[in-house]
Amino acid sequence: MEYNFKDIEKKWQNKWATNKTFAADNSSSKPKYYVLDMFPYPSGAGLHVGHPLGYIASDIMARYKRHKGFNVLHPMGYDSFGLPAEQYAIQTGQHPAVTTEQNINRYREQLDKIGFSFDWDREVRTSDPSYYKWTQWIFIQLFNSWYNNKSNKAENIDTLIAEFEKNGNSNINAPCDENTKAFTASEWKSYSEKEKSDTLMQYRLTYLGEAYVNWCPALGTVLANDEVKDGVSERGGHPVERKLMKQWSMRITAYAQRLLDGLDTIDWTESLKESQRYWIGRSEGTSLKFQIENSDLHLEVFTTRPDTIYGVSFVTIAPEHEYVDSITTSEQKAAVVDYVTKAKNRSERERQADVTKVSGVFTGAYVIHPFTGKQIPIWVGDYVLAGYGTGAVMAVPGHDERDHRFAKHFGLPILQVVEGPDVQEQSYDAKEGKGINSDFLNGLDVKVAIKKAIEEIEKRGLGKGKTNYRLRDAVFGRQRYWGEPIPVYYKDGIPHVMPENELPLVLPEVDKFLPTEDGEPPLARAKDWKYKGQFDYEHTTMPGWAGSSWYFLRYMDANNNSVFADKKLTDYWQNVDLYIGGSEHATGHLLYVRFWTKFLFDRGFISVDEPAKKLINQGMIQGTSCMVYRVNGTNKIVSAGLKNQYENTAIHIDVNIVDNNNVDVEKLKIWRDDFANTEFELEGGKLICGTAVEKMSKRWYNVVTPDSICEKFGADTLRLYEMFLGPLEQSKPWNTNGITGVSGFLKKLWRLFYQSGSFVVSEDAPTKPELKTLHKTIKKITEDIERFSFNTSVSNFMICVNELGDLKCNKRAVIEPLLVLISPYAPHIAEELWEQLGHKESIAFAPFPEFNEVYLVEDNFNYPISFNGKMRFNLELAANLSVQEIEKLVMEAEQTHKYLEGKQPKKVIIVPKKIVNIVM
RNA sequence: GCCUCUGUGGUGGAAUUGGUAGACACGCAGGACUUAAAAUCCUGUGACCUCAACAGUCGUGCGGGUUCAAGUCCCGCCGGAGGUACCA
C-alpha cells in the first residue's frame, strides 16, 4: 500500500469523530491546558488558506500538550451574528438564520477536512438562543452593577442604593456623567421613580445615555469607535457622521486604569499591548478654570502642560461646546453661527482628511488669565474635539504645534515660556528646558514646573490635577435585526431589564429586515415580541462584539442550561493558556473581552480577571493575484512578456486556472464568457500572466481554498506547508512553490519502513548514529514547539528523515518516537503508521519522547573540548572520559585559549555531569 | 508625525544566551532509471579569482562603535510592513 492520503485522512477523521478522541475531560487529575482560536464569522465565501494558519498552529499546541500529559481544552465555534448575513437578507429576503446555517455547515466541512482536534461537543454559536440567553444575562448583570472607585471594583447596584439612602451621593466616588448633580439622602428618598431611575442610570455599567455617536446613514446604524476607520465604516466603507443620540452604552471607561494595569500581567505581543495602551490613552494633567469676562461663567480646560500657563495667548473651544451661543457677542454672532454650521456639516472624513487646514472664528468674548489678569480672546476652532477633556483648550502657540498653526493663521501672539529654539516660526513642543517669562516658574525644569504649577492651581482653587483617558464608553445598541435583542422593556418611559428567569428573549420574526417607514430599527416590525401590547420594548440589538466578549467561558461548560458556566468548571479551566488570532482585533474584541472578564471577576462569577495568559497574532496570508493584459480597444490578450509593446489594461483572472504563471487558455475561455472569442498572443506557446501580492479576496479572484490543497496533496501536507511558509506571526503571500518538498517529505517518511510492498520494522537496538539523529531531533522539535517556531520544526523533521533514510534505519525504537514527534503536525499519517506498527490505541495520547541531553555535537572537532567563549564538545571523544578528566580539559582550554591571555573569560559554562553518560 | 515590527543567496527562510552565516525547502544545472514522460534517486548551486581542485578574498540595507569574536549588542542614517493620530 503506497501512501494514499485520501483514504488515510478520511479513515482517521471518522475514527476521531466516532470515538470522540478529543473530548476534553471536565475533571481530571492531569494539569489543564486551554488552547483557543478566535472563532470565525461564517461568511458566505467559506474558508481560504489564510484562515487555517492560526488553527493549525493551535492544533499543533493542543496535540503536543496532550502528548505531554495535559488535559487539553481545544474548542471551536462560530461568531454567527453580524452584518453581512443581514445585508444579504435585505437583498434576497432570505432569513439570516438560514444563510448562517448554510455557511456554518460549509465551514464545518472545510475544518473537518484539515483534521483539527477540536472538541465539537462544546461548539458554541453566538446566534443560538441557548447561547445568547447568557449574553443577555451578562447585559443584565452589567445593568445591575456600578463601579465603586473606593473598592476599585464593580458592585451590585443595591450597595449604591443603600448608600444613597444613607448619605445621598456625597461620598460616592464613581465614574459617572460629568453633570451628575449632588443630592442628600432625604432628597434621594423624595425622588420619583423616574428621577431615581435617571440618577441610577448615571452609575450603571450599562446605561441609556445621550452621547455623540458614529452614525452611518448607509448602514442605518451606529458604530463603535473601533468599527470606524478613517471616517468610514470598517465594513463596507460607508461615510460616518457624528450625531447626538440616546443609546445603550457600556461604561468601559470605569475600567480604563485596570485594563491598562492588566497588560503588565499578560504575555501578549508588545505591539498589541501598545495598541491597547494607546487606545486607552492615559494622560496626566490638570483641569483649569478661566473666568469669563463680564460673566459668571467659567471656562474649564484640560492641559498636560500647566507649566506653560504664562504662554497662553488665546483659548479655543470646540464648535459643539455648550458655551458657544451664550458667550458670543452680537457683533460676532453671524460669523460664529456660520462657522459652527459649516463645521457640523463637515463629515468626520473631511475633518480628518486635512488636519493641517486651519479654520476658526473669534467669539468676541474674553477670559481673564488667572495669573496675569490679562484679557485672553476666546476662539472657536474645529481642531478642538468636543468629546475629549472639556472640549476647550488653553492655547499655547509657543509650545504646541496645533496652537501654533492656529495662531500663525489668525495672527495671534506667540509667547515663549520655555527656554529653547525661537518659537516664532516653529513651536517647541519638547518637555525639556527651563521656564522663562513665567514668574514663579522661571528657572524650573519642565517636569518640576508642571508639578509646581499644579500645586499652585490647586492652592488657588482654579482646578485640580487630573488623569484623562482617551477611551470612550462603548455604544452598545445597533439599529439592526441580526443580533442579540437587548432584554429591556419600558414601563411609563422607564427602562427595566427583563427578569432573568424569562431569558432568553428570543429574536422575533419580522416581515422585512429594513428599518420602518418612520426610521425605527427592524425590530419595530416584530410580530411576536414577548411583551407585545403590554409594554414598549427596546428596538436595538447588541453589537457584533457582545457574543465574543465571553465565549471563552462558555466552552468550559457549553451545554449548561441553568448558568452561563458552572463555577466549578470555570475555576478548573481558569482562563485561556494560549490564544491565537489576528491582530486586527487589538482595540475591539480583545479590549471588550478583557473588560467583561474583569467585570465577571469583580462580581464573583469567575475567579480570573484576564481572559488569556498568552496571545499570539498569526500573520495574514496574502493572495498572489494573476492578471492578463488586454490590448486597449481590441479583443486581444497578450502574454506578460509582450505587454510592453502595446497600450494595455491588466485584468485580474482566477488564480486557480494558472499554474506556475502559465495560464490555461482553454479554462480561461470557459471561466469568463467574453474570453471565448478573444484572440491570444502567446510567447513560446504559453500565455504567461503577471502577478501581484494583494489581500486574498473574491474581488481579485486570488482566493485559494484549503479544500483544493487537501484534494491535491492531502491535509497533512497542507498543515506542514502552512507552517513551513515562514514564522507564524509574519505576514506572507500564499504560493505553492515549495509544496512538493513537503509532500515529498511525507512520502519519504512513509517509505522509511514501507519497503518493496510491505511494512518492515526491525526490532534491533539502534546504533549510535541512529540514536544521535533521533535525540537531536527530539530536542530540536521540543524546543521549536515551546517557542512557537513551527516552521523550523518542519525543517528538522526533513533533516531527521533524510538522515534516517541515509542510515537505512527502520528500527522500531527510532520510528515510534519519531511518529509521536510528527503526530501534532501531520496527525493522519502518524496515526496510520502507528497502527501499522501494531498499536491499537490512538497515537494522540502516547507520551512525548524525552531526549538525552546532547551538548553540542561537533563532528569535525578532533579535540574533546574546545573553548571559544562557549564550550564545545566532541561527544564521541568526550563520552569516554570521566568527569574529572573533562573538568581538567575545560580548565586547560580556558587557560590556553589564545584570546584569553591575561583576561578573564566572560562566561564559564559548567560541564554537565551527564555528559559521561551520553550514549552517542 | 508617533508607536510596533522588519531588512540575510535567484526565491521562502535557518542561525535559541554574541561563537564555523546561508540549515531545510523551492528554483536552476548536470547525471541515473525510462522508448519517452511522470515519479524516484544522486551530484552541484552566495559572490569574486581559478580549466579544475586546494587555497584565498569579499559577503547578513548603509556609515560608525564595543568585543578576541557582531546577522545578533550600542550610536547615527536609509528602505519595507502594520497600527495610529488635531486627544490639548
Side-chain angles (χ1 to χ4, degrees), chain A residues 2 229-230 269-279 281-283 285 288 301-306 308 315-316 318 351-352 354-358 381-385 387-396 399-403 405-406 429 468-472 583-584 586-587 617 619-620 622 660 720-721 724-727 729-733 735-745 747-748 751 779-780 783-784 786-787 789 791-802 805 856 858 860-861 866-872 897-903 905-907 909:
Chain A
E2 279 294 342
K229 296 261 145 75
D230 300 323
T269 59
E270 203 44 44
S271 72
L272 202 141
K273 288 186 185 181
E274 273 304 312
S275 294
Q276 292 211 345
R277 285 191 191 109
Y278 194 83
W279 193 261
R282 181 190 157 102
S283 71
L288 178 57
V301 302
F302 174 77
T303 179
T304 55
R305 293 295 300 275
T308 61
V315 170
T316 317
R351 193 159 158 173
Q352 285 178 13
D354 41 24
V355 294
T356 47
K357 207 172 142 193
V358 177
D382 70 358
Y383 79 96
V384 177
L385 302 176
Y388 183 76
T390 59
V393 301
M394 59 176 226
V396 184
H399 304 284
D400 182 279
E401 197 199 328
R402 297 153 305 185
D403 297 341
R405 261 198 322 257
F406 198 84
D429 295 15
N468 246 352
Y469 299 90
R470 207 164 63 104
L471 185 72
R472 308 291 161 75
S583 58
E584 67 271 21
T587 51
N617 296 125
M620 237 197 354
Q622 294 132 317
N660 248 337
L720 283 166
Y721 189 61
F724 187 65
L725 268 180
E729 304 188 42
Q730 200 172 294
S731 288
K732 54 235 159 188
N735 70 72
T736 47
N737 289 345
I739 202 164
T740 51
V742 172
S743 153
F745 154 74
K747 290 180 191 165
K748 277 186 201 171
R751 281 199 300 265
K779 181 172 159 67
K780 286 194 166 165
E783 286 168 356
D784 286 341
E786 296 283 353
R787 66 191 165 104
S789 183
N791 55 329
T792 53
S793 19
V794 180
S795 296
N796 286 322
F797 285 133
M798 291 177 178
I799 295 169
C800 180
V801 168
N802 282 343
L856 265 164
E858 295 290 343
N860 50 358
F861 278 11
S866 158
F867 187 81
N868 52 6
K870 268 187 176 180
M871 293 295 166
R872 285 166 176 262
H897 198 279
K898 63 174 175 173
Y899 295 131
L900 293 176
E901 283 163 21
K903 295 179 185 175
K906 279 186 188 164
K907 239 177 244 175
I909 293 186

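So that the names make sense, note that chain A is the first sequence line, chain B the second, and so on, each numbered from 1.
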Please give the distance between the P atoms of B:A21 and B:G56 as a whole number of Å. 13 Å

In whole Å, measure the gap between the C1' atoms of B:G22 and B:C42 for me. 23 Å

By ring-ring contact (aromatic ring centres under 6.0 Å, His included) - contacts of A:Phe745 (at least two apart): none

Could you tell me how far B:A55 sits from B:G64 if I compare only their P atoms? Round to whole Å. 31 Å

Check salt bridge (charged side-chain N to carboxylate O under 4.0 Å, His left out) between A:Arg470 and all other residues, then give those that pass, not counting sequence neighbours. none

With sequence neighbours left out, what residues match A:Glu584 under side chain to side chain contact (heavy atoms under 4.5 Å, CB included)? none

How long is the line joining CG of A:Leu720 and C1' of B:C26, in whole Å? 16 Å

Contact list (N/O, under 3.5 angstrom) for nucleotides 38-41 of chain B vs protein:
residue : atom : partner  : partner atom : Å
B:U40   : O3'  : A:Arg751 : NH2          : 3.4

Between B:C87 atom C1' and A:Arg402 atom CZ, what is the distance in whole Å? 7 Å

Distances for protein N or O near nucleotides 11-14 of chain B N or O, under 3.5 Å:
residue : atom : partner  : partner atom : Å
B:G12   : O2'  : A:Leu725 : O            : 2.8
B:G13   : OP1  : A:Gln730 : NE2          : 2.8
B:G13   : O3'  : A:Asn791 : ND2          : 3.4
B:A14   : OP1  : A:Asn791 : ND2          : 2.9

How far does the P atom of B:C51 sit from the matching atom of B:U35, given to the nearest Å? 41 Å

The ring-ring contact (aromatic ring centres under 6.0 Å, His included) partners of A:Phe724 (sequence neighbours excluded) come to none

Protein-nucleotide distance (A:Arg470, atom CZ; B:C3, atom P), rounded to Å: 15 Å

Sugar-phosphate only, base, or nothing, as touched by A:Asn802 at under 4.0 Å among non-hydrogen atoms: sugar-phosphate

Sequence neighbours left out, what passes salt bridge (charged side-chain N to carboxylate O under 4.0 Å, His left out) with A:Arg282? Give chain and number order. A:Glu284

Side chains of A:Thr792 and A:Ser789: any donor to acceptor distance under 3.5 Å? yes

What integer distance in Å separates A:Gln276:CD from B:U84:P? 12 Å

With a 4.0 Å cut-off on N to O distance, would you call A:Glu401 and A:Arg405 a salt bridge? yes

Any idea which of B:G83, B:C87, B:A23 is nearest the A:Ile799 side chain? B:A23

Given B:C86, B:U16, B:A88, the nucleotide with the shortest approach to the side chain of A:Glu783: B:U16

Does a side-chain N or O of A:Thr587 approach OP1 or OP2 of B:G83 to a distance below 4.0 Å, or not? no

Is any side-chain N of the basic residue among A:Arg277 and A:Glu274 closer than 4.0 Å to the acidic one's carboxylate O? yes

Taking B:C68 as the reference, what is the distance to B:G30 when you measure between their C1' atoms (whole Å, please)? 44 Å

Restricting to ring-ring contact (aromatic ring centres under 6.0 Å, His included), what partner residues turn up for A:Tyr388, sequence neighbours left out? none

Sorted by chain and number, sequence neighbours left out, salt bridge (charged side-chain N to carboxylate O under 4.0 Å, His left out) with A:Arg402 holds for A:Asp400

Would you indicate, yes or no, if B:G83 has its OP1 or OP2 atom less than 4.0 angstrom from a side-chain nitrogen or oxygen of A:Tyr278? no

Span that lies between the C1' atom of B:U6 and that of B:G13, in whole angstrom: 14 Å

To the nearest angstrom, how far is A:Arg277 atom CZ from B:A85 atom C1'? 18 Å

How long is the line joining CD of A:Glu401 and C1' of B:C87, in whole Å? 14 Å

Quickly work out the A:Glu729 CD to B:G83 P distance and round it to whole Å. 16 Å

Nucleotide B:C5, atom C1' - distance to CD of A:Glu274 in whole Å: 12 Å

Kindly label the base of B:G9 as syn or anti, based on whether its glycosidic torsion lies within 90° of 0. syn

Given Watson-Crick and G-U pairs under 3.5 Å, RNA chain B in dot-bracket ([ ] crossing, | other strand) is (((((((..(((......[....)))((((((.......))))))(((.......)))..(((((..]....))))))))))))....

Smallest separation among heavy atoms of A:Asn737 and A:Tyr721, with atom names: N-OH, 3.8 Å

Residues passing the salt bridge (charged side-chain N to carboxylate O under 4.0 Å, His left out) test with A:Asp429, sequence neighbours excluded, are none

Which whole number of Å gives the distance between the P atom of B:G27 and that of B:U66? 46 Å

Of all residues at least two apart in sequence or in a different chain, which pass the side-chain hydrogen bond (donor to acceptor under 3.5 Å, both in side chains) check with A:Thr736? none

